[in-house]
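Notes for the one structure printed next.
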Amino acid sequence: MEEQEKQPEDDSGRIGIFPSWNALYATVVVYTLAMIVLLYVFTVLLDYSSP
Amino acid sequence: MSGIDWAVFLLYFGAVVGFALYHSRKNVGIEGYFLGNRRLPWAAIGLSVMATQASAITFIGTTGQAFEDGMEFIQVYLPQPLVMVILCVLFVPFFYKAKFYTAYEYLEGRFDAKTRSLTAFLFLVSRGLAAGIVLYAPAIVLSVIMGWDERVTILIMGVITILYTMVGGITAVIWTDVIQMLLMFVGIGAAVVILFATLPPEVGVGDVVYIGGIQEMWKSIDLSWDPTNRYTLWTGVIGGFFLALAYFGTDQSQVQRYLTAKSLRQSRLALIFNAFVKVPMQFAILSIGVLLFVFYHFEQPPLIFNPAEVAVVEASELGAEYRDLTAQHTRLHGERREATLGLLEARRQGGELASYQTSIQDYDERMSELRSEAKSLISEVRGAVSNDVNYVFPSYLVKYVPAGLLGLMIAVIFAAAMSSLDSELTALSSATVIDFYKRWFRPKASDAHYLLASRVSTFFWGAMAVVVALYAGRLGSLIEAVNLVGSYFYGSLLGVFLLGFLVRRANGTGAFFGLIAGMGSVWIVAATTEISFLYYNVVGAVVVVGVGALLSGLSGGRPPEVV
């Protein structure tokens, strides 16, 4: 019974500001790619090794 | 340490024990002991997942690594957010909905008892010995830096962790992990602030970034394709992906955490929390190492940070040679300091920078070479590779951190060790009782009997960890062998789970022999190639799935009624 009550919470509905789990997962993927790009930019911009 | 440091330190232990006892009072029965009656909130689980992964050596070792090599280690962590998504979609629903206690239970339902028992056995052997290293590694560092008896450090950390884990089970572990992880966050922030505060007053944030950049210390992404280098984007993303998937998806010390959630949704949220926080946290930890690198442009760094190694080499026949290296190092530091201050002044005046940069790079390189030579001398005298990187950050703490904050930072190191050890103990205990004792010896005993067996098992593994830690110095190459063997089968374990999730017709014969083939192939690759160990996980997982699928097909596949 308890499990049946939890099921709707697990599989549907909003997750905070995200409309669905898929939207949240997509955000994580974009976040990961953005971090890689950001770190690459960071690597290039903060390289002062060439006089 | 001063009186205020001891007060902070004792406050930490009091808070941990008090918190553990308070949160464990409602635990009844084996489900309460191992799964917290599946009532824990996602935020606590998320912090516990993070605290379990972050051991003391992660905290002090990676800062030392960044001091020597810069930020490139961050690349190993980059695939972790994607791993969390895959866990949420593929792994967690299987584990959670079946109401398992351990990850390995899944393998009996999906394949057979021998596959479950073999994987659980591999987990027990590797993690049982690794738990000792979790205690030993920070104890040896603190004994050298603080002058504390390493046996006392091991016993204090070990006994307190065993007691609260035995009494409170997973609930106590997760809630203490919460305060330990929050303490680590405070420690990371405090370390950054302290480092800036101990720099000369005229050195600003921009100067720190600039000095680090001269030696490419901020380089976080390396796009080269060298598979023998573990610090490239490709090695990090491919090898790190399989390593993280194996660790978070099949290691009971992590799986057990997300099985304690109130709901599947809460399990997933705990992992997604990690997806967003883990990489920035690791970035902050590594930044401490780069800040240390910059800091030691203004303060005299020791040639070797581990005073025990210095004492040994100075007392040996190579002592004169070592002292000569130290004198050269001191002289070069003085000249580099002048060049660095000159560079900063030229920046402020808008003057010419190139000659200063070139000289600083030259000094950095020569000082690094002297450090390598000193390490070689130590290796020659001791007959073992120097692990000086682990001493860089603790050495700084003891010398430069003010009273009160030193106690906080030492408490952070203890918290990192204890939050990993307590998770190992509950995981080892659950695999012992559920996958072996209940499965093979006493399948029909009462809940009270299993609870007692679980506490005894927790005590056994805790005592084992303490004994291994106490004798780790004498075990030497055995410890290295255990760590090496662990890296050999991690990817193969992942392969068995992927075979179960993804190949519908795979059967027990395919899984069992696929697992053995996976471990064997990793062994061959390790012995015959120079590729980074991170790729072992890829090889193991791919071979298990390939061989497992093939053997399953040849042996008739899985009966259609259970597919």
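Predicted model only: the values in this text are computed from it and were never measured.
Heavy atoms closer than 4.5 Å to chain A are found in the side chain of B:Ile74, but not in its backbone. Proximity to chain B (any heavy atom under 4.5 Å) is shown, for A:Leu45, by neither the backbone nor the side chain. Contact annotation for B:Leu82: both backbone and side-chain heavy atoms come within less than 4.5 Å of a heavy atom of chain A. For B:Phe283, the part sitting under 4.5 Å from any heavy atom of chain A is the side chain, from C-beta outward, and nothing else. In this structure, the portion of B:Leu233 lying under 4.5 Å from any heavy atom of chain A is its side chain and not its backbone.
For CZ of B:Phe196, the number of neighbouring non-hydrogen atoms (other residues, nucleotides, ligands) closer than 6.0 Å is greater than 12.
A ring-centre distance under 6.0 Å is not found for B:Tyr96 and B:Phe100. Residues A:Tyr25 and A:Tyr31 keep their aromatic ring centres 6.0 Å or farther apart.
For the residue pair B:Gln357 / B:Gln361, no side-chain donor-acceptor distance below 3.5 Å is found, with atom types taken as modelled.
Between B:Asp207 and B:Arg347 there is a salt bridge, with a side-chain nitrogen of the basic residue lying less than 4.0 Å from a carboxylate oxygen of the acidic one.
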